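Residues: numbered from 1 along the sequence shown. Read the numbers this way: they start at 1 and go in the same order the structure lists the ligands and their atoms. The model shown is predicted, which means the values in this text are computed figures rather than measured ones.
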Amino acid sequence: MSDGSAIAAAVKAAHAQHANAPGGANASYIPYLASVPSTLAGVAVVTVDGMRYEAGDCKYAFAIESLSKVFSLALLLEDVGQEEVHEKIGAEPTGLPFNSVLALVEHQGKPLSPLVNAGAMATVSLVKAASAEERWTRILEIQSKLAGRQITISDEVNRSEQTTNFHNRAIAWLLYAAGTMYSDHMDACDVYTRQCSTLITCADLAVMGATLASGGVNPLTKERVLTASNVPHILAEMTMEGLYDTSGDWAYTVGLPGKSGVGGGILSVMPGMGAIAGFSPPLDPTGNSVRGQLMVAQIAKTLGWNLYQVRGS
Ligand code: DON
């Protein structure tokens with residue numbers, strides 16, 4: 001385990017250095033996100049033994065957005081197992097934007113990844129439930145167990161998304177046409193949109209990531225939330241598609257599985273050690289938080305958290 005004072009210093013330094021970094025712009029295709037103060041910036045680390053380190057705006061509740069895709073994938077792996085996820089959703093980077101129609105068309109309606117919008121909606125459609133409401137309840141429950149507290153939806157975010165999600169509805173219809181939706185496609189789109197509209201803090205996100213880092217046991221509540229053998233599949237999907245068309249750059253420069261959301265959240269996980277979560281609304285053109293990436297990358301480097309680095313070298 002890393003030394004606590006070294007982690008505290010790394011978190012503080014990364015925030016001090018990058019919290020005011022210029023560049024990027026809030027997402028505006030979801031009106032709510034454009035209204036979030038762009039100056040917010042926070043970064044947090046939670047270790048597998050439950051130690052917590054925070055700097056900046058770690059208590060501000062922001063929209064989870066695409067980070068939710070990781071947690072619904074986790075639920076689906078519990079429900080149907082890794083082979084079915086691999087066969088029906090896939091495990092390949094698309095190399096294209098997160099809401100690409102082209103990627104879907106090129107691959108005959110197979111989404112390739114549960115972390116792009118098409119794959120995330122297909123994932124929701126596969127979650128075991130007798131109704132859309134039950135599917136939604138189960139997704140909210142897994143988010144809550146991973147965070148170690150009750151997570152709630154923001155009606156304001158949800159309204160903002162549901163009234164503007166025409167592109168996602170078109171993708172849902174394409175999936176339906178290709179036979180790659182496994183329950184009602186419009187219900188899946190609706191529940192997917194709700195799962196993107198829950199509010200989390202940077203501190204929550206670090207706990208969620210640390211639950212993955214510990215092989216599925218929440219380090220704060222000590223509850224086993226996920227089957228340990230499912231976690232490597234989640235982390236592999238994050239490596240391949242977590243930052244969309246810059247996932248390869250993230251793997252190359254940081255060397256950790258990552259995931260971003262257009263609400264400004266970003267997460268990276270070091271298996272067996274802990275998780276680093278960043279939050280700041282301005283995004284780069286790919287949809288990843290500019291300051292979040294800088295803060296998370298710096299902490300990972302300072303702590304020597306890199307999956308591809310031979311220990312002690
Ligand atoms: O479906 C969407 O477009 C949004 N609700 C989520 C997209 C997102 O967060 C992409 N991540 N960087």
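With respect to the salt-bridge test (charged N to carboxylate O, under 4.0 angstrom), the residues R135 and D187 do not qualify. Taking the charged nitrogens against the carboxylate oxygens, E54 and K59 do have a contact shorter than 4.0 Å, which makes a salt bridge.
A side-chain donor-acceptor contact under 3.5 Å links T193 and N165. In the model, D284 has a side-chain atom that pairs as donor or acceptor with a side-chain atom of Q293 under 3.5 Å. Between the side chains of E78 and T227, a donor-acceptor pair is found at a separation under 3.5 Å. Side chains of Y192 and N117: a donor-acceptor N/O pair is present below 3.5 angstrom, by distance only.
At a 4.0 Å heavy-atom cut-off, ligand 1 does not touch L283 at all. Contacts between S66 and ligand 1 below 4.0 angstrom, taking non-hydrogen atoms only, involve backbone and side chain alike. Contact annotation: for E161 versus ligand 1, heavy atoms closer than 4.0 Å belong to the side chain alone. The side chain of N117, and not its backbone, has at least one atom closer than 4.0 Å to an atom of ligand 1 (non-hydrogen atoms only; side chain from C-beta on).
Close contacts of ligand 1 with C196, meaning ligand atoms under 4.0 Å from a residue heavy atom, involve 5 (N). Near Y29, with a cut-off below 4.0 Å to any heavy atom, the atoms of ligand 1 are 2 (C), 3 (O), 4 (C), 6 (C), 7 (C). Each of the following atoms of ligand 1 lies closer than 4.0 Å to a heavy atom of Y244: 10 (C), 11 (N), 12 (N).
For N99, the closest heavy-atom approach to ligand 1 does not fall below 4.0 Å.
With a 4.5 Å cut-off on side-chain heavy atoms, V43 and H18 do not count as touching.
At least one N or O atom of E65 sits closer than 3.5 Å to an N or O atom of ligand 1. At a 3.5 angstrom cut-off on N or O pairs, F98 does not count as close to ligand 1. Checked against a 3.5 angstrom limit, the closest N/O atoms of N168 and ligand 1 fall inside it.
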